[in-house]
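No experiment lies behind these values; they were computed from the predicted model shown. Any value given below was found using the heavy atoms of this structure, including those in side chains, with hydrogens, waters and symmetry copies removed. Convention: sequence-line order gives letters A, B, ...; per-chain numbering from 1.
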2 protein chains.
Amino acid sequence: MTPDKISLLIADDHPLFRAGVKQTIEKLEPAEIYEAEDGDKALQIIREIEPDVAVIDLRMPGKTGLEILSELYNSGVTTKIILLTMHKNVNYFYKAISVGAKGYLLKETAVHDLIEAVKIVYHGGTFISSRLKALIKSEKSDEVQNKLLIDSVNSLTSAERQIMKLLSEWKTNCEIADILFNSTRTIENHRANISDKLNLHGAHSLIQFAIENRELF
Amino acid sequence: MTPDKISLLIADDHPLFRAGVKQTIEKLEPAEIYEAEDGDKALQIIREIEPDVAVIDLRMPGKTGLEILSELYNSGVTTKIILLTMHKNVNYFYKAISVGAKGYLLKETAVHDLIEAVKIVYHGGTFISSRLKALIKSEKSDEVQNKLLIDSVNSLTSAERQIMKLLSEWKTNCEIADILFNSTRTIENHRANISDKLNLHGAHSLIQFAIENRELF
DNA sequence: GTTGGAATGAGTAGTACTACTCAATTTGGG
DNA sequence: CCCAAATTGAGTAGTACTACTCATTCCAAC
C-alpha cells in the first residue's frame with residue numbers, strides 16, 4: 001500500500017509502552033522508527049530529522065506534547081503529529097487541535113487504530129479516537145461550549161497563567177502572594193478575573209479546574 | 001535458567017502497553033501469557049487459572065490493583081503479584097506491600113527490570129523499582145513516617161473512608177452531607193477526626209490528600 | 001451488662017476563599 | 001504620545017472550611 005518506508009518518532013517516557021508501539025507498527029508496516037523518552041529529545045529529533053509522523057505522549061518529563069506542538073506550530077516543520085494520551089479530558093483535545101495536532105488517540109485505543117491513524121495522518125488526513133468523539137458528543141458540555149472554553153483559556157494573561165500553574169500545585173492565595181511578591185488582595189482579584197473568563201463559580205471550582213487541566217497552563 | 005514455562009497474567013487497560021510487556025517477555029523468556037484489560041477480568045483469571053505471576057496496573061477500570069491484592073490476600077491463591085504503575089506515590093507502595101504485593105515497578109522502568117522482577121518474584125523473592133527505592137530514601141518523608149501513615153489510613157472507619165472517597169471527587173461538605181443524609185456539622189467533625197489521624201493541618205490539606213491518594217480509599 | 005469505639009450533632013472562633021464594586025499605576029503597540 | 005489592556009491594590013459582605021471543645025446514641029465485644 002505505502003510504497004516508501006514511513007519515518008516515525010515515538011515519544012513516551014515509558015519504555016514498555018514504546019516497545020508496544022514500535023513492535024505493533026513494525027509488524028504491520030515497514031517503518032523507520034525513532035524513539036524519545038522525554039519532551040526535549042522529542043523536539044530535538046523532530047527538528048533534526050523531520051520524520052514523516054510523530055506519535056507523542058501528552059504528559060512527559062521535559063516538554064509536554066502540547067508544548068512541543070505549540071513550539072512547532074507555524075515553524076515550517078512538516079512532521080505530522082499525533083498525540084497519544086490516557087487523558088480523556090476534552091479540553092486537552094481542543095487545545096491540541098488548536099495548535100496543529102493531526103491526530104488525537106487515547107491509550108486505551110485498540111492496536112489497529114494506531115496503525116490506521118499513522119497511515120491516515122501520513123497521507124494528509126486527521127484521526128481522532130472514536131471513544132473521544134463519543135465523549136465530545138455525549139457529554140453535557142457541548143462542542144461549541146468547549147471550543148469557547150479553550151479560547152478563554154488561551155486569552156488568559158501571563159499573570160493569570162502563572163497563578164493557575166501555582167494553583168495546580170495546591171498553593172494557597174497567601175503562598176502565591178509571597179512567591180509573586182504581591183498582596184493577597186491582588187491574587188484574589190486575579191482569581192476573580194480568571195473565574196470570570198472561564199465562567200467558574202462556587203467553592204473550590206477554580207483550583208479544581210487548575211488541577212484537572214494543568215497541562216493547559 | 002528456568003526449566004518450565006512461567007505462566008503470566010498481564011492486566012492493564014492500555015492494549016499498546018500490554019503488547020509491549022507481552023513481546024518483551026516473550027522475546028527473552030518462554031512464557032504462557034494471559035491478558036486482562038480491566039480489574040474484574042484480572043481477578044477472574046487469577047482465581048480460575050492461578051498463573052505463577054501477575055503483572056497488574058494499579059489504576060484500571062473495574063477493580064484497581066490494590067483492590068485485587070486486598071481481595072486475594074490470605075485467600076490461599078498462590079499467584080505472585082507485581083504492581084506496575086506510573087504513580088511515584090510512596091503511600092501506594094506501602095499499601096501494596098501491606099496487602100501482599102511481591103513487586104512494585106514503575107512504568108518508567110527499563111525493559112530489563114521487568115524481566116528481572118518476574119524471574120525474582122517467580123522464585124519467591126521480591127522486587128522494587130530502584131527509582132522508587134531512591135524516592136523512599138531521599139524524600140523528606142522518611143520511611144517510618146510513611147509506614148505509620150499507611151497504618152493510619154488503614155485505621156480509618158467506614159464513614160471516614162466514605163468521606164475521603166467523596167472528597168476525592170471534589171464534593172463539598174454540603175454535598176457530602178446531602179449524599180449521606182447527615183448534618184454538615186457531622187461531616188465537619190469526621191473531617192477533623194481524619195485530619196487528626198493523618199496528622200494533616202491547614203487550608204485544603206485534606207482534600208489534597210484525598211485526591212492525591214484516591215486509590216487508598 | 002458494662003465499656004469503648006463509632007457515628008451523630010452542636011458551640012464558638014478564626015482563616016481562606018468567593019463575589020461583587022472601585023481605582024491607581026504600569027506597559028506595550030499603533 | 002496616547003489608549004487599551006494588564007497589573008496592582010482595597011472595601012465589604014458572605015460562604016466554606018479549620019480547630020478546638022463538648023454531648024448523645026448505638027452497637028459490638030469482653
Colleague: Figure out the CG/P separation between A:Asn193 and C:dT18, and round it to whole Å.
Modeller: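 Whole-Å distance recorded here is 12 Å.
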Colleague: Quick one: B:His204 NE2 to D:dA16 C1', roughly how many Å, whole number?
Modeller: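 So the two atoms are 13 Å apart, to the nearest Å.
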Colleague: Measure from CD1 on A:Ile194 to P on D:dA5 and round the result to the nearest Å.
Modeller: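 Result: 18 Å.
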Colleague: What's A:Ala192 touching, base or sugar-phosphate or nothing? Going by heavy atoms closer than 4.0 Å.
Modeller: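 Result for A:Ala192 = nothing.
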Colleague: Ignoring hydrogens and angles, are the base of C:dA7 and the side chain of B:Asn189 linked by a donor-acceptor pair under 3.5 Å?
Modeller: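 Answer no: no donor N or O sits under 3.5 Å from an acceptor.
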Colleague: Does the cation-pi check pass for A:Lys107 over A:Phe17, that is, NZ or CZ under 6.0 Å from the six-membered ring centre and within 45° of its axis?
Modeller: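 Judged by the rule, A:Lys107 and A:Phe17 form a cation-pi pair.
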Colleague: I need the CZ-P distance between B:Arg185 and C:dA7, as an integer number of Å.
Modeller: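 Between P of C:dA7 and CZ of B:Arg185: 17 Å.
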Colleague: Which whole-number value in Å describes the distance from A:Ile207 CD1 to D:dT15 C1'?
Modeller: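 The answer, rounded to whole Å, is 17 Å.
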Colleague: Quick test of your reading of the model: are A:Glu35 and A:Lys41 salt-bridged, counting only N-O distances below 4.0 Å?
Modeller: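 No.
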Colleague: Which part of the nucleic acid does B:Ala159 contact within heavy-atom distance under 4.0 Å: base, sugar-phosphate only, or nothing?
Modeller: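 If one applies the 4.0 Å heavy-atom cut-off, B:Ala159 turns out to touch the sugar-phosphate alone, with no base involved.
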Colleague: Which part of the nucleic acid, if any, lies within contact of B:His190, taking any heavy atom under 4.0 Å across all strands shown: a base, the sugar-phosphate backbone alone, or nothing?
Modeller: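 If one applies the 4.0 Å heavy-atom cut-off, B:His190 turns out to touch a base.
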Colleague: Using a cut-off of strictly less than 4.0 Å, decide whether B:Ser183 has a side-chain nitrogen or oxygen near OP1 or OP2 of C:dA10.
Modeller: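 Indeed, a polar side-chain atom of B:Ser183 lies that close.
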Colleague: One thing to verify: whether A:Lys63 and A:Glu71 come together as a salt bridge, which I'm taking to mean a side-chain N less than 4.0 angstrom from a carboxylate O.
Modeller: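 Counted as a salt bridge, because a side-chain N and a carboxylate O are separated by less than 4.0 Å.
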Colleague: When all nucleic acid strands are considered with a 4.0 Å heavy-atom cut-off, which category describes A:Glu188: base, sugar-phosphate, or nothing?
Modeller: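 Contact class for A:Glu188: base.
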Colleague: Is the distance from OP1 or OP2 of D:dA5 to the nearest side-chain N or O of A:Thr157 less than 4.0 Å?
Modeller: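 It does not, given that no N or O in the side chain of A:Thr157 lies less than 4.0 Å from OP1 or OP2 of D:dA5.
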Colleague: Output the single nucleotide from C:dG9, D:dG9, C:dC17 whose closest atom is nearest the side chain of A:Arg191.
Modeller: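 Nucleotide nearest to A:Arg191's side chain: C:dC17.
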Colleague: Rounded to the nearest 0.5 Å, what's the gap from CZ on A:Arg191 to CG on A:Leu200? Could you check?
Modeller: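 Going from CZ on A:Arg191 over to CG on A:Leu200, the span is 11.0 Å.
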Colleague: Less than 4.0 angstrom from a charged side-chain N to a carboxylate O is my criterion; do A:Glu188 and A:Arg185 meet it?
Modeller: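 Answer for the salt bridge query: yes.
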Colleague: When the distance from CD1 of A:Ile187 to P of D:dT8 is rounded to whole Å, what number comes out?
Modeller: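 Going from CD1 in A:Ile187 over to P in D:dT8 covers 7 Å.
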Colleague: Which sits closer to the 5' end of DNA chain C, B:Lys197 or B:Ala203, going by the nucleotide each is nearest to?
Modeller: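 Looking at DNA chain C, the more 5' nearest nucleotide goes with B:Lys197.
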Colleague: Can you tell whether the side chains of B:Glu37 and B:Arg18 come within less than 4.0 Å, N to carboxylate O?
Modeller: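 Here B:Glu37 does not pair with B:Arg18 in a salt bridge, since their nearest N and O are not under 4.0 Å apart.
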Colleague: So does A:Asn182 get a side-chain nitrogen or oxygen closer than 4.0 Å to the phosphate oxygens (OP1/OP2) of D:dT8?
Modeller: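 Answer is yes, contact under 4.0 Å.
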Colleague: Looking only at side-chain N and O atoms, does A:Thr186 come under 4.0 Å of OP1 or OP2 in D:dG9?
Modeller: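 Indeed, a polar side-chain atom of A:Thr186 lies that close.
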Colleague: Report the distance from atom CG of B:Asn199 to atom C1' of D:dA19, rounded to the nearest whole Å.
Modeller: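 About 14 Å, once rounded to whole Å.
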Colleague: So, OP1 or OP2 of C:dA7: does either fall under 4.0 Å of a side-chain N or O from B:Ser158?
Modeller: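 Yes, such a contact exists.
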Colleague: Using a 4.0 Å heavy-atom cut-off, does A:Thr184 contact any base of the nucleic acid, only the sugar-phosphate backbone, or nothing at all?
Modeller: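 If one applies the 4.0 Å heavy-atom cut-off, A:Thr184 turns out to touch nothing in the nucleic acid.
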Colleague: Go through C:dC17, D:dT8, C:dA10 for me and flag the one nearest to the A:Thr172 side chain.
Modeller: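 Output: C:dC17.
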Colleague: Please report, rounded to the nearest Å, how far the C1' atom of D:dA16 is from the CG atom of B:Leu206.
Modeller: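 Rounding to the nearest Å, CG of B:Leu206 and C1' of D:dA16 are 14 Å apart.
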Colleague: Scan B:His201 against the nucleic acid and name what it touches under 4.0 Å (heavy atoms): base, sugar-phosphate only, or nothing.
Modeller: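 Sugar-phosphate contact only - B:His201 comes under 4.0 Å of backbone atoms but never of a base.
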